[in-house]
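Chain A is the first sequence line, chain B the second, and so forth, proteins listed ahead of strands; every chain is numbered from 1.
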2 protein chains.
Amino acid sequence: MRETKSKYAILGMLSIEPMSGYDIKKEIQESISYFWAESYGQIYPVLKSLVAEKLVTKTVQKGAGKPDRHVYSLTERGRKELRAWLAEGASMPKVERNEMLLKLFFGEEVAVSVNIRHVEEFRELQRVLLEKYKAIEKELKATCADNPNAPYWLMTVRYGQQIRQALLDWCDETLTKLNKMVKAAGDKH
Amino acid sequence: MRETKSKYAILGMLSIEPMSGYDIKKEIQESISYFWAESYGQIYPVLKSLVAEKLVTKTVQKGAGKPDRHVYSLTERGRKELRAWLAEGASMPKVERNEMLLKLFFGEEVAVSVNIRHVEEFRELQRVLLEKYKAIEKELKATCADNPNAPYWLMTVRYGQQIRQALLDWCDETLTKLNKMVKAAGDKH
DNA sequence: CCTACTATATATCTTCGTGATATATAACTC
DNA sequence: GAGTTATATATCACGAAGATATATAGTAGG
């Protein structure tokens, strides 16, 4: 049987409410995309194996014209499996490949201005993401105040904010250093 | 030909000095492991294709007893290729899957104490990593003061420090919230 | 003295995850 | 009525991670 973390991400989504594969993709995108992603290449095969393991059940809703909706619901066994996994120790994140940092590490090979451009582009992304996470926090507080999940969801949003803010600070610090290098030596190459 | 970012990470390492595949793995581990990783499964095939593209040359040093060392050196064409890639825009990092956060997101399904344990374990890892990065910064400043790469290397180390510190802060903030939840409701389940 | 572990060194295989693509239809816009 | 967007399922190719195989030499411990 397919043993992957995707399994638990999907079980977790179905623990909130029954959904189709398409819904799962969209929900993940809209709720936990800043620390988790799933592609159809995983979702559909995993759903198939979850049915085989009787952790979810599948019902087909005849689509009015649209393709049929295959809606999956968590079974009691599924919920037990999810809880067992939640209780286990979490494996720590592996290194996140960062291309911008790789370029900066070899930065001496090119002009300082090139490195400045990389950091500026990275900074812009962090700024946009931080704005987005702040908007999500606001919306969560407004619409889910009585949802028992809300405190946990807010914690994960704060995680995203904290990282983006730290990276913004790093960008500013780094740009200051790079600009000093331009002034000190003139732009080499 | 194999088109992958590993190619440029390897070219970059060889731009510092000629190395064997084994050396490359070790050097990456010791210098950029907090934002980049390579496995032998990538290194050896990529080295083969780099030779075919004449971006590196291979010389075999007869090992005194030990297996022969296949040492790869960057060619002028290789250095040009590296610089061209460094000048291109960097693709932004994709989502880093974080299992601890996934568990926390579904935290309502289990006891608060379980969530506290996850955050505490995560916090300990951040603490250890931050210490490590501080030690690396110290060592870099001591031993590479006159190396022209040093300013860039220090910037990437600062990146690691900044993230770890932000995550430590997030852990503390989150643990405070979780402890309040325990007190407020009693440990459910 | 022999065993086990560690370091050096190259190479391959399996499995997982991502992104792209194929297929199909309804609704909406121009 | 043509083109775009949203809904919806499904599969494939390729990159990347981790484990394993193979080989040798030095060192530490019983």
Side-chain angles (χ1 to χ4, degrees), chain A residues 1-10 13 18-30 32-33 35-51 56 58-72 91-99 102, chain B residues 1-10 13 18-30 32-52 56 58-72 91-99 102:
Chain A
M1 212 63 357
R2 225 178 143 80
E3 198 46 49
T4 150
K5 309 295 175 191
S6 299
K7 174 178 171 178
Y8 300 104
I10 292 169
M13 283 295 146
M19 285 185 237
S20 68
Y22 184 81
D23 292 336
I24 291 171
K25 179 81 155 59
K26 223 176 31 168
E27 276 299 311
I28 287 179
Q29 181 60 34
E30 278 166 22
I32 58 176
S33 58
F35 65 85
W36 205 268
E38 292 294 348
S39 67
Y40 292 129
Q42 293 144 247
I43 291 172
Y44 288 110
V46 168
L47 279 173
K48 207 172 269 184
S49 76
L50 289 178
V51 171
V56 306
K58 173 181 178 175
T59 54
V60 178
Q61 291 177 3
K62 285 289 160 197
K66 288 183 209 174
D68 294 350
R69 277 175 58 82
H70 301 202
V71 178
Y72 298 86
S91 73
M92 292 299 120
K94 49 183 176 178
V95 276
E96 144 202 40
R97 280 182 163 206
N98 186 317
E99 201 176 321
L102 188 62
Chain B
M1 212 58 2
R2 224 179 144 80
E3 198 46 50
T4 152
K5 309 294 175 192
S6 300
K7 173 177 170 177
Y8 301 104
I10 292 169
M13 283 295 145
M19 284 184 237
S20 68
Y22 184 82
D23 291 337
I24 290 171
K25 180 79 156 57
K26 221 176 30 167
E27 275 301 310
I28 287 179
Q29 181 60 35
E30 278 167 22
I32 59 177
S33 57
Y34 46 99
F35 65 85
W36 205 267
E38 294 293 347
S39 68
Y40 292 128
Q42 294 144 246
I43 291 172
Y44 287 111
V46 168
L47 280 173
K48 207 172 269 182
S49 76
L50 288 178
V51 171
V56 305
K58 173 180 176 175
T59 53
V60 177
Q61 291 178 4
K62 287 288 160 201
K66 288 182 209 176
D68 293 352
R69 277 174 60 82
H70 300 201
V71 178
Y72 297 85
S91 73
M92 292 300 119
K94 47 183 176 179
V95 277
E96 145 204 38
R97 281 183 163 204
N98 186 316
E99 201 175 322
L102 187 63

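Remark: C1' of C:dT18 and CD1 of A:Ile28 are 14 Å apart, rounded to the nearest angstrom. B:Asp23 places its CG atom 14 Å from the P atom of C:dA11, with the value rounded to the nearest Å. Atom OH in B:Tyr8 sits roughly 12 Å away from atom P in D:dA16 (whole-Å rounding). We find that CD of B:Glu27 is positioned 15 Å from C1' of C:dA7, with the value rounded to whole Å. Here D:dT24 presents its P atom at 18 Å from CZ of B:Arg69, a figure rounded to the nearest Å. Residue B:Lys58 contributes atom NZ, which lies 9 Å from atom P of C:dT10 at whole-angstrom precision. Counting to the nearest Å, the P atom of C:dA9 and the CG atom of B:Leu47 are 14 Å from each other. As a whole-Å value, the separation of A:Ile24 CD1 from D:dT9 C1' is 12 Å.
Within the 4.0 Å cut-off from OP1 or OP2 of D:dT7, at least one side-chain nitrogen or oxygen of A:Lys26 is found. A close approach under 4.0 Å does occur between a side-chain nitrogen or oxygen of A:Ser20 and OP1 or OP2 of D:dT9. Phosphate proximity of C:dG17 to A:Thr4: present, with a side-chain N or O under 4.0 Å from OP1 or OP2. An OP1 or OP2 oxygen of D:dT9 is reached within less than 4.0 angstrom by no side-chain nitrogen or oxygen of A:Tyr22. Residue A:Tyr44 has no polar side-chain atom (N or O) positioned under 4.0 Å from OP1 or OP2 of D:dA10.
Residues satisfying the salt bridge (Lys or Arg N to Asp or Glu O under 4.0 Å) test with B:Lys5, not counting sequence neighbours, are A:Glu99. For the ring-ring contact (aromatic ring centres under 6.0 Å, His included) test, no residue two or more places apart in sequence or in another chain qualifies with B:Phe35. For B:Tyr34, the ring-ring contact (aromatic ring centres under 6.0 Å, His included) criterion is met by B:Tyr133, not counting sequence neighbours. Listed by chain and residue number, B:Trp85 satisfy the ring-ring contact (aromatic ring centres under 6.0 Å, His included) test with B:Tyr8 (two or more places apart in sequence, or in another chain).
The closest donor-acceptor contact from the side chain of A:Arg97 to the backbone of B:Pro93 lies at 3.5 Å or more, if one exists at all. The backbone N or O of B:Glu30 sits nowhere less than 3.5 Å from a side-chain atom of B:Ser33 that would complete a donor-acceptor pair.
Residues B:Ile43 and B:Lys25 form a side-chain contact, since some pair of their non-hydrogen atoms from C-beta on lies under 4.5 Å apart. B:Lys48 is not listed as a side-chain neighbour of B:Pro45, based on a closest heavy-atom distance of 4.5 Å or more. Within the 4.5 Å cutoff, the side chain of B:Ile10 has no heavy atoms near those of the B:Val56 side chain.
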Would you tabulate the nitrogen or oxygen pairs shorter than 3.5 Å linking the protein to nucleotides 17-20 of chain D?
| from | atom 1 | to | atom 2 | distance (Å) |
| --- | --- | --- | --- | --- |
| D:dA17 | OP2 | B:Gln42 | OE1 | 2.9 |
| D:dA17 | OP2 | B:Gln42 | NE2 | 3.2 |

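End-to-end axis angle of the helix from C:dC1-D:dG30 to C:dC30-D:dG1, using five pairs per end and rounding to 10°, comes to 20°.
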